[in-house]
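These numbers were taken from a predicted model, which means no experiment stands behind them. For this chain, numbers begin at 1 and follow the sequence in order.
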Amino acid sequence: MKPLVIIVSAGLTLSCGAVGSPVAPEHVGVAVTVEKQKRQHALEAEREAGKPMGADPSLEEHDFDLPPSHPVGTR
């Protein structure tokens, strides 16, 4: 009986306290979510209006051939 009491009391002691780091109230709530969505929609609209969809410009910078792949060793 004594080991059971020790295990239960240790479990209760360890389970008390905060689960994670505290979150500031400025980062929680409906208003913050609405602002994030507005920014996301504005960025999407700007992207659609500014550039036509085509090839990715980041891929144009890296215009070189890769060496052929050959097996390094056999098992």
When rounded to the nearest 0.5 Å, the distance separating CD of Glu48 from CD of Glu46 is 11.0 Å

Per the side-chain contact (heavy atoms from CB on, under 4.5 Å) rule, which among Glu44, Lys36, Lys38 passes with Gln40?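 Only one option passes, and that is Glu44.
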
According to side chain to side chain donor-acceptor pair (under 3.5 Å), who are the partners of Glu26, at least two apart in sequence or on a separate chain? none

Looking at Ile6 and Ser9, what are the two nearest heavy atoms and their distance?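 Reported closest heavy-atom pair: O-OG, 3.0 Å.
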
